[in-house]
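Before any comments, here is the structure.
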Amino acid sequence: MRGANLLVTFRAALLRRATRAVPGALCIALLVGPIVALVVYACSTRWFFPQLLPAEWTLTPLLRQLGSPQTRVALRASLLTAGVTTALALVLGLPAARVLGLWRFRGRTLVLLILFLPTVVPPLAIGMGLNILALRLGLAGSLLGVVLVHLVPVLPYTIFALLGVFARYDEGYELQARTLGAGPLRVWFRVAWPLLGPGLTVAALFAFLVSWSQYLLTLLIGGGRVITLPMLLFAAVAGGNPTSIAGLALLFAAPPVLAIALAARALAAGSAEVGQQY
Amino acid sequence: MRGANLLVTFRAALLRRATRAVPGALCIALLVGPIVALVVYACSTRWFFPQLLPAEWTLTPLLRQLGSPQTRVALRASLLTAGVTTALALVLGLPAARVLGLWRFRGRTLVLLILFLPTVVPPLAIGMGLNILALRLGLAGSLLGVVLVHLVPVLPYTIFALLGVFARYDEGYELQARTLGAGPLRVWFRVAWPLLGPGLTVAALFAFLVSWSQYLLTLLIGGGRVITLPMLLFAAVAGGNPTSIAGLALLFAAPPVLAIALAARALAAGSAEVGQQY
Amino acid sequence: MTAIALSHLTKSYPRQATPALADVSLAAEPGTLLALLGASGSGKSTLLKLIAGVEAPDSGEITFDGRSILRVPAHRRGAVLMFQKAYLFPFLSVAENIAFGLRVQGASRATIQAEVRRMLALVELPGIEHKRPAQLSGGEQQRVALARALVTRPRVLLLDEPFSSLDPTVRQTLQEAVRRIQGELGITTLLVTHDRGEALAMADRVALIERGEVLACDTPRRLFERPPTCRAARLMGVTTFLRGELAGGWLQSRLGALAVCGPSPREGRATYAIRPEQIRLRCLPGPNALPARILAQTFRGELSEYVLQVGDATLRVQAFQPVAIPAGGELFVELPPEHLFPVCDDEASSERPL
Amino acid sequence: MTAIALSHLTKSYPRQATPALADVSLAAEPGTLLALLGASGSGKSTLLKLIAGVEAPDSGEITFDGRSILRVPAHRRGAVLMFQKAYLFPFLSVAENIAFGLRVQGASRATIQAEVRRMLALVELPGIEHKRPAQLSGGEQQRVALARALVTRPRVLLLDEPFSSLDPTVRQTLQEAVRRIQGELGITTLLVTHDRGEALAMADRVALIERGEVLACDTPRRLFERPPTCRAARLMGVTTFLRGELAGGWLQSRLGALAVCGPSPREGRATYAIRPEQIRLRCLPGPNALPARILAQTFRGELSEYVLQVGDATLRVQAFQPVAIPAGGELFVELPPEHLFPVCDDEASSERPL
C-alpha cells in the first residue's frame with residue numbers, strides 16, 4: 001500500500017517536472033544560442049558557410065579594434081548618455097510611480113495609457129517630432145539633447161518597473177520612522193531608500209539598458225556630432241566584416257552584462273539580508 | 001486656532017501636490033509632444049522649417065498610401081507575426097514564470113540573469129547568430145523562422161511581466177476549487193485563467209508590442225521574403241518624403257494603440273469586477 | 001510624565017459618508033494607560049494617528065501637558081506609535097533598530113550601546129543585538145519594537161493593537177511585559193484594542209468607542225460592572241436589557257414585575273440591564289425568578305453558556321459551573337435585584353427590547 | 001454520514017528538521033464534529049491537507065467509511081476545505097460562487113437555482129445572489145463560503161480556522177451557525193483551531209495536537225476538567241502542577257503535604273494538577289490551604305487573575321469575583337482535594353515543577 005502510494009506520488013512529481021522542464025529548456029536554448037554564436041564569430045577568422053566550426057581562432061583583430069580612439073570616444077559618449085539618462089529617469093520617475101503605485105484615483109488608467117504610448121510609436125516617428133523641437137530649442141547635436149530624447153522611451157520603462165516596487169511598498173515603515181523622531185530627509189535616506197533599494201536597482205537597470213541600446217534617436221538628435229557605440233556598430237555592419245561586427249557587438253554587450261551582474265548581486269545580497277520579512 | 005490649523009494643512013497639501021505635479025507634467029509633455037508632431041506631419045504637405053504650422057492640410061496622400069497593396073501585405077505579415085509570437089510567448093512563458101514567481105530555489109537569480117541577456121545583446125548580434133541557425137534549420141525566409149527569432153527578445157519581456165502577476169497570485173483559490181470537486185482542466189480554465197486574466201493581458205500586450213516593433217531581426221531572418229510594416233517604414237525614410245513617412249508611422253502605431261486601449265479596458269473592467277478583494 | 005487631552009476632535013475622510021471621529025474629547029492622566037476599546041472601523045486607530053501627528057484633525061485640539069501640539073510635526077512630538085506589525089527595519093540588526101531613535105537624537109556611540117543593552121534586558125531579550133528581524137518570532141519582534149519605541153524616552157506611547165497577531169500565550173506574556181514596563185517608566189500610554197479582556201486587564205481607564213464617538217470612559221471595574229448606557233453595556237458583553245415602567249422599586253417589564261434596588265434614576269420609563277453571568281439558574285421558583293426553558297447550551301470551559309426561552313423572549317446566561325438540567329428541561333432564571341442596574345437608553349428603538 | 005479514520009499518518013517537509021506529523025491516529029464518528037486544537041505550527045493544518053488530498057502523507061492510511069481514499073484525487077474525495085480566507089472567486093457573483101460545485105457535477109439550471117436559494121437561506125443571507133464577493137463583509141463572505149462548501153453535500157467538511165480573522169461577535173454567531181447547520185445536515189466535520197473556547201464550544205470531541213503528535217482526544221468536558229497528561233493540561237490552561245510522593249491519600253510536594261482524593265493512580269512518585277479557577281482564595285487557614293502573598297492581580301471582566309507567592313513558588317489563580325484583599329496582603333490558597341487530579345507526567349524534566 002505504502003509502496004504504491006509512493007510510486008503514484010513519484011510518478012506525478014516526475015510528470016510535473018517534465019512538463020515544466022521542457023518549456024524552460026526551450027526558453028534557455030533560444031536565449032543562450034545567439035550569444036555563443038557571437039563569441040565564436042569575434043574570436044575567429046574565416047568561418048564560411050558549410051563549416052560547423054571556424055577554421056582559425058585569433059584574438060588580434062578584436063583587441064586592435066577595441067583599442068582604437070574612435071571606439072574609446074564612442075564608449076565614453078554611450079556611458080555618459082546612459083548614465084545621465086538613468087539618473088534623470090529615476091528622479092522624474094520616482095514621484096510619478098509613487099503616486100501611480102500607492103494611490104488609486106480616477107483617470108489612473110488613462111495616465112498609464114499615455115505612459116505606454118512612446119514605447120509603441122516607432123522611434124523614427126518620435127525622433128522626427130523631437131528633431132524639430134530640439135532644433136527650435138537649440139538642443140540638436142548636443143549631449144543634453146540626446147539625453148532628453150532618450151528620456152522619451154526610457155521614462156515609461158522606468159515608471160513601469162517602479163510601479164511594481166510601489167505596489168508592494170508598505171508606507172508603515174515611513175510612518176514608524178517619523179514617530180521615532182526621524183525628519184523627512186532621514187526617513188527618505190535611512191528608511192525609504194534601503195527598502196526601495198532592490199526595486200530601484202531593477203528600475204535603474206531597465207533605464208540604463210533602454211538608453212544604452214538607442215540608435216535612431218541618438219542619430220536624429222545628435223545629428224552626427226554625438227557618436228555612440230550603436231552607431232559604430234551600424235557602420236561596421238555596413239562595412240560587412242563579421243569579425244569586426246562581432247567584436248563591437250561584444251563590447252556593446254559588456255557594460256549591460258556587467259550592470260546586470262552587479263544588479264543581480266545587489267538583489268541577492270538584499271534578499272538574503274531582508275529575508276522573508278519584507 | 002482652527003483656521004490656523006486648516007491653513008497649515010492646506011499649505012502643506014498644496015506644496016505636496018506641486019512637488020508631485022511638476023515631474024508629472026514634465027513626463028507627459030515629453031511623451032505626448034512627438035505624437036502630436038507626427039499627426040501634423042501626416043495630414044499636411046509643404047511644411048518648411050521657419051513655419052510654426054503647415055501651410056496646407058490634406059488627407060489624400062495618406063489615404064492613397066494606406067490603400068496600396070504593398071502596405072496591405074506588410075500589415076498582414078506584421079499582424080500574423082506579432083499574433084503568433086504573442087501566443088507562443090504566453091504558452092512558453094506561463095509555466096516558466098509560474099515556477100520563477102511562486103517558488104524560491106537556489107539558482108533563481110542566475111536563471112533571471114540569463115533571461116535578461118537577450119534584452120541586452122544588440123539585435124544585430126543576436127540576428128547574426130540566429131541567421132546561421134535558421135539557415136542550417138531551413139527556417140530562413142519563412143514566417144515560422146521570423147516568429148521563432150522574435151521570441152528571443154519577446155520571451156524575456158513576457159516572462160518579466162508574468163513574474164509580477166505570479167508574485168501576487170494566491171494558489172489558495174486553485175486549492176479551494178479542487179476540494180470543491182473541480183478537475184485540473186476546470187481549475188485552469190474556470191479559476192486560474194480568470195484570476196490571472198489582467199496579468200495575462202498585460203503580458204500579451206508586452207509581447208505583441210515587442211514583436212510588432214522588430215525590424216532588424218525580421219530583415220536578417222526573413223531575408224527580404226517576409227516584409228513587415230517596419231521595413232516599409234524604413235524604406236520610406238530612405239525615400240525621404242515626410243508625409244509618406246508620417247503616414248506609415250501612424251499606420252504602424254495604430255494596432256499597438258488599439259491593443260493598449262483594449263487592454264486598458266479589459267483591465268478597468270476586471271478591476272471593477274474584482275474590487276478590493278483581489 | 002505627560003498629560004494628554006483631546007477636545008472636540010473631528011475627522012472625516014473624503015468619500016466616506018460617516019465621519020471617522022465625531023467630536024471626541026478624552027484625557028489621560030500622566031503616567032497612566034488609557035485603553036480605547038471598540039470594533040474595527042470605530043475610529044480608534046484614527047485617533048492615534050491624529051495624536052502621533054501623521055494625520056491632521058479637521059477641527060479640535062490636542063494638548064500634551066496643556067500645550068497644543070497640533071502645529072508640531074510628527075517627528076518632534078515625542079509620541080511613538082507601535083502597530084500590529086512590528087515594522088522592524090529589515091535591513092538593520094536588532095541593535096541598530098533599537099538605536100534608530102537615539103541616532104536621530106545624535107546620542108554618542110557609548111550611550112547607544114549601553115541603552116540598547118538596557119532596553120533588551122528590559123524586554124527580556126538579552127544578547128540578541130546582532131540578530132536580524134527576520135530571525136525573530138512574532139512575539140520577539142514586538143518586544144524589540146517596544147524596546148525601540150521606549151529607548152528615546154517618548155512623552156507618549158501609542159499602541160495600535162500591537163498584540164492582535166500573536167498566539168494567545170505569547171499575547172498574554174507580552175501584555176504583562178508592556179504593563180510592567182509602562183508602569184516602571186511611567187510613560188503615558190494609549191492602547192487601541194478590540195479585545196475586551198486585554199483592555200480591562202491592562203488599562204487604568206477604558207474608553208469605549210463606537211462609530212467615532214466616545215460612549216463612556218471609566219475604570220475597568222466600574223465600566224464592566226456598571227456600564228452607563230445600553231450601547232456601552234453591549235460592548236461590555238451585556239445581552240439582557242429590560243425596558244419598562246419603574247414604580248416603587250418595581251420594574252414592570254415584558255417579562256413581568258421585577259424588584260430592583262439601589263438608587264432608582266426616576267420613576268416612569270426606565271431601562272435596566274444585567275450581566276449574563278449574574279443571572280442565576282435554579283430549579284425552584286423564588287423572588288425575581290421566572291420560569292424558563294433551555295434552548296441551547298454551550299460548554300466553553302471556564303464558562304458555560306445557555307440560551308433560554310423566557311416567556312416570548314430569549315435570554316443568554318453564562319454560568320461558571322455547568323448546570324444540572326431537571327428532567328423536563330424546565331427551570332427558573334433568577335435576576336437578582338442587586339445585579340440589575342439602570343442604564344441610559346441610547347439605542348435606536350428599532351431593536352426589540354425585552 | 002461518513003466515518004473518518006486516520007492511522008499512523010506521518011508527514012515531513014524537506015528542509016524542516018521536525019516532522020509536521022508523527023504517527024497520528026484519530027477517528028471521527030459519522031456526523032460528529034471533531035476539533036483539532038493546537039498552537040500555530042503544530043501540524044493541524046497539514047492533517048486537513050492530507051485528508052483533503054491536496055498533499056500526500058509519507059506513510060499511514062486515511063479511510064472514509066473504512067475504505068482507503070489515498071489513491072482518490074482531491075477533487076473526487078468529497079472533502080471540502082474552508083480556510084481562514086473565504087477564497088470566494090472574485091470574478092463570480094455570490095450565486096455563481098455557490099453554484100461552482102454543482103456546475104462541476106453537471107446539475108441542471110433549475111436544480112442549481114433552487115439549491116443556491118436554499119443554501120443562502122440556510123446561512124441566513126437570503127437575497128444576495130447577485131452581489132459580488134467584494135461587496136460583502138468578512139463574516140458574510142465566510143457564510144457564502146460555507147454555503148458553497150455545503151451545497152454539494154460533501155462527505156466531509158474540513159474547516160481550517162475559518163473564524164480566526166473575524167470580529168469576536170461575528171465569530172460567535174458564525175460558530176453557532178456552523179454548529180447548527182453541521183448538526184442539521186449531519187456532515188462529519190473536522191475543525192482546526194487554536195482557540196480553546198471555540199474548540200470546546202463547537203466540538204463533539206476535541207483532539208489536542210502539539211508538534212505533530214496527538215496528546216489526547218476526548219469530549220470537551222472531560223478534556224477540560226480532567227486532561228490526562230501535563231502537556232494536555234497546559235494546552236487546556238492549567239498552570240499549577242504538583243510533583244511529589246503519594247502515600248495514603250496524601251501528596252508530599254514542595255508546597256507541603258496535600259490531601260488528594262479519588263482513585264489514586266498508584267503509590268510513589270505522582271503528579272497532580274489543578275485548574276486555576278478551582279483554586280480558592282480565603283482569609284483563614286484550613287485543610288489543604290497554604291499561606292500566600294499576592295504578587296500581581298489583573299481584572300479581566302468575568303474573571304480576575306492573581307499571581308501568588310506560595311513558599312518559594314508562584315501560583316496563578318483565577319477567581320470569578322474580585323477578592324477583597326486583607327490589610328497585610330496575606331491570605332491563604334486552598335487546593336480542594338476534589339479538584340486535584342492526577343496527570344501523567346510527559347514533560348521534559350527541565351521545567352521547574354512545584
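Proteins get letters first, then strands, A, B, ... in listed order; numbering begins at 1 in each. All values below were derived from every heavy atom in this structure, side-chain atoms included, with hydrogens, water molecules and symmetry-related copies excluded. What you see is a predicted model, and the numbers here were worked out from it, not measured in a lab.
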Within 6.0 angstrom of D:Arg76 CZ, more than 12 heavy atoms from elsewhere: no

message = Around atom CD of D:Glu29, are there more than 12 heavy atoms from other residues, nucleotides or ligands closer than 6.0 Å?
response = no

**Asked** So with a 6.0 Å cut-off around CH2 of B:Trp193, is the heavy-atom count from everything else above 12?
**Response** no

Legend entry - D:Gln113 atom CD: more than 12 heavy-atom contacts under 6.0 Å: no

Nearest heavy-atom approach of B:Gly181 to D:Val104 is O-CG1, 3.0 Å

Smallest heavy-atom separation, B:Thr179 atom then D:Val80 atom, equals O-CG2, 3.6 Å

For D:Lys85 and B:Asp170 the tightest heavy-atom approach is NZ-OD2, 3.0 Å

Cut-off 4.5 Å, heavy atoms of chain B, and the answer for D:Ala79 is backbone

Does the side chain of B:Arg186 come within less than 4.5 Å of D:His75's, by heavy atoms?
no

>> If you define the side chain from C-beta out and look only at heavy atoms, does anything of B:Arg190 sit under 4.5 Å from D:Phe91?
In response: no

Cut-off 3.5 Å, no hydrogens considered: what does the side-chain donor-acceptor table look like for residues 80-94 of chain B, sequence neighbours left out?
{"unit_1": "B:Thr81", "atom_1": "OG1", "unit_2": "B:Ala77", "atom_2": "O", "d": "2.6"}
{"unit_1": "B:Thr85", "atom_1": "OG1", "unit_2": "B:Thr81", "atom_2": "O", "d": "2.6"}
{"unit_1": "B:Thr86", "atom_1": "OG1", "unit_2": "B:Ala82", "atom_2": "O", "d": "2.6"}
{"unit_1": "B:Thr86", "atom_1": "OG1", "unit_2": "B:Phe208", "atom_2": "N", "d": "3.4"}

**Verdict with supporting geometry, B:Leu175 and D:Tyr87, side chain to side chain contact (heavy atoms under 4.5 Å, CB included)** = CA-CA 9 Å; B:Leu175 223 71; D:Tyr87 283 123; over 6 Å; no

For B:Leu180 and D:Ala149, the nearest pair of non-hydrogen atoms, with its separation, is CD2-CA, 4.1 Å

